[in-house]
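One structure coming up, written as structure tokens, with questions to follow.
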Amino acid sequence: MVGTERLSVKKRLQGERVLVSTTRRLHYPMYFFLSNLSSSEILFTSCIIPNMLYIIISGGGTMSVTACFTQFYVYGSLISTECFLLAVMSYDRYLAICNPLHCNSLMNSKMCIQFASWSWLIGFLLSVITMVFISNIIFCGANEINHFLCDFAPLLKLACSDVSKIELQVFIMSISIIIFPFIFIVLTYVRIIQTIFLIPSTAGRRKTFSTCSSHLTVVSTYYGTLMFMYSAPSVQMLQNSNKILSLLYIVVTPLCNPIIYSLRNHEIRKILKGLISNIHGKF
């Protein structure tokens with residue numbers, strides 16, 4: 001059953017990305033960033049879930065230090081990338097609603113590629129700094145991690161040296177990766193909501209808000225979990241809830257994102273129905 005859930009996550013994410021990439025009518029900034037978001041989540045789930053399933057089925061597993069650090073780096077980089085992509089998507093919504101006349105010139109194809117590229121690049125570069133901090137930890141004693149992935153809090157529990165400085169350093173890094181993009185998203189939505197309230201008709205306000213409600217839903221669940229997980233400097237605080245919260249953004253969020261973004265989007269539903277009808281017509 002868990003294996004079926006993993007296939008469901010990957011199929012939904014891959015289907016969403018393929019649909020956006022192959023349909024010319026969806027070659028808009030919002031859908032371009034959505035395909036990047038789907039790509040990051042495909043890599044994210046592929047990095048964590050296969051080993052997680054093995055651990056669940058076999059009741060445990062082994063992993064080398066190199067593999068553990070590699071997993072920590074890759075999924076940490078993808079978390080950072082997704083934070084920046086969500087911030088860029090909020091800026092796109094801000095331009096579309098608050099500055100529609102200049103939206104196409106400010107968010108053209110070149111700018112979209114640059115925003116997406118910088119999101120990926122900065123996400124992976126910032127994680128290098130975190131890895132430098134982690135590599136300075138002295139590990140000894142027990143080599144068992146009470147978790148299904150190599151996460152920050154479980155790794156610190158294996159340390160013999162003083163980790164208070166490293167906790168503080170990673171806490172500061174978390175602010176730049178999680179809090180700053182979140183503040184930017186909040187500020188853009190404050191301006192978006194102000195603009196929406198200026199629309200005279202109720203139907204117009206409802207239609208305009210519906211274009212960013214999906215993004216707002218994903219931001220609330222994703223950032224809420226991450227802020228509790230990685231912006232809290234105390235490891236003891238996370239001891240009992242770490243696994244549950246990890247499952248929320250590793251499995252639940254990628255599983256729900258294609259539904260929230262795609263199936264609630266009228267344009268994508270319309271094109272998807274057309275593709276299904278064409279396939280049925282051929283057979």
>> To check you understand the geometry: which heavy-atom pair defines the closest contact between A116 and N36, and what is its length?
In response: CB-OD1, 3.8 Å
> Which distance, rounded to the nearest 0.5 Å, do you find between the CG of D92 and the OG1 of T188?
Replying inline: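 So the gap between those two atoms works out to 10.5 Å.
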> Do Y223 and I185 have side-chain heavy atoms sitting under 4.5 Å apart?
Replying inline: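 A side-chain contact exists here, since the closest heavy-atom pair is under 4.5 Å.
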> Between T202 and R205, is a side-chain hydrogen bond (donor to acceptor under 3.5 Å, both in side chains) present by the stated rule, with each step listed?
Replying inline: CA-CA 5 Å; T202 304; R205 288 195 296 268; 3.3 Å; yes
> Do you reckon L53 sits in the same ILVMFWY cluster as M63, going by side-chain contacts under 4.5 Å, direct or chained?
Replying inline: no
>> Using side-chain heavy atoms (C-beta onward) and a distance below 4.5 Å, is Y94 in contact with T195?
In response: no
> Side chains of Y73 and T130: does their closest heavy-atom pair fall under 4.5 Å?
Replying inline: no
>> Within this structure, what is the CD1-SG distance for the pair I134 and C150, rounded to the nearest 0.5 Å?
In response: 10.5 Å
> What do the steps show when you test I49 against M52 for side chain to side chain contact (heavy atoms under 4.5 Å, CB included), and what is the final call?
Replying inline: CA-CA 5 Å; I49 294 183; M52 182 187 75; 4.3 Å; yes
> Tell me, do I192 and C98 make a side-chain contact under 4.5 Å, heavy atoms counted?
Replying inline: yes
> Do you reckon L95 sits in the same ILVMFWY cluster as L198, going by side-chain contacts under 4.5 Å, direct or chained?
Replying inline: no
> Rounded to the nearest 0.5 Å, how far does CZ of R191 lie from OG of S90?
Replying inline: 14.0 Å
>> According to a hydrophobic-cluster definition based on side-chain heavy atoms being under 4.5 Å apart (Ile, Leu, Val, Met, Phe, Trp, Tyr only), do I48 and M131 belong together?
In response: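 Yes.
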> For the residue pair F152 and Y75, what are the closest heavy atoms and their distance?
Replying inline: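 F152 and Y75 have their closest heavy atoms at N-OH, 4.3 Å.
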>> Donor-acceptor check, side chain of S35 to backbone of F32, threshold 3.5 angstrom: yes or no?
In response: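 Yes: the side chain of S35 pairs with the backbone of F32.
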>> Show, in sequence, the C-alpha distance, side-chain angles and deciding distance for S40 and W120, and conclude whether the side chain to side chain contact (heavy atoms under 4.5 Å, CB included) test is met.
In response: CA-CA 9 Å; S40 70; W120 286 90; 3.7 Å; yes
> What are the two closest heavy atoms between G123 and S127, and how far apart are they?
Replying inline: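 Answer, listing the atom of G123 first, then S127: O-OG, 3.2 Å.
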> Is any side-chain heavy atom of C83 less than 4.5 Å from a side-chain heavy atom of Y222?
Replying inline: yes
>> Show the nearest heavy-atom pair for residues V88 and F33, with the distance to one decimal.
In response: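 That would be CG1-CZ, 3.4 Å.
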>> In the structure I gave you, are the side-chain heavy atoms of Q169 and I166 within less than 4.5 Å of one another anywhere?
In response: yes
> Does some side-chain heavy atom of L126 sit less than 4.5 Å from a side-chain heavy atom of M173?
Replying inline: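 Heavy-atom side-chain distance check passes, below 4.5 Å.
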> So how far is it from T62 OG1 to I55 CD1, rounded to the nearest 0.5 Å?
Replying inline: 9.0 Å
>> As an exercise, state the distance from CD of E41 to OG1 of T81, rounded to the nearest 0.5 Å.
In response: 11.5 Å
> Heavy-atom count around I138 CD1 within 6.0 Å, excluding the residue itself: above 12?
Replying inline: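 Open: at most 12 neighbouring heavy atoms sit under 6.0 Å from CD1 of I138.
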>> Can you list, by chain and residue number, the hydrophobic cluster partners of I193 when the side-chain cut-off is 4.5 Å?
In response: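 ILVMFWY cluster around I193 also holds F197.
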> Less than 4.5 Å apart, any side-chain heavy atom of F44 and any of E82?
Replying inline: no
>> Between N51 and C47 (side chain of the first, backbone of the second, donor and acceptor by atom type, cut-off under 3.5 Å), is there such a pair?
In response: no
> Which atom names give the shortest non-hydrogen contact between L37 and M89, and what distance separates them?
Replying inline: CD2-SD, 4.2 Å
> Can you get from L158 to I137 by hopping between Ile, Leu, Val, Met, Phe, Trp and Tyr side chains that sit under 4.5 Å apart?
Replying inline: yes
> Same hydrophobic cluster for L156 and F72, using side-chain heavy-atom links shorter than 4.5 Å among ILVMFWY?
Replying inline: yes
> How far apart are the closest heavy atoms of P181 and F84, and which atoms are they?
Replying inline: CG-CE2, 3.7 Å
>> Assess the residue pair C68 and L155 against the criterion (side chain to side chain contact (heavy atoms under 4.5 Å, CB included)); give the C-alpha distance rounded to whole Å, side-chain angles, the decisive distance to 0.1 Å, and a yes or no.
In response: CA-CA 10 Å; C68 181; L155 283 174; 3.9 Å; yes
> Taking it one step at a time, do L86 and V218 satisfy side chain to side chain contact (heavy atoms under 4.5 Å, CB included)?
Replying inline: CA-CA 9 Å; L86 289 172; V218 172; 4.3 Å; yes
>> Using 0.5 Å steps for rounding, measure from the CD1 atom of I179 to the CZ atom of F171.
In response: 7.5 Å
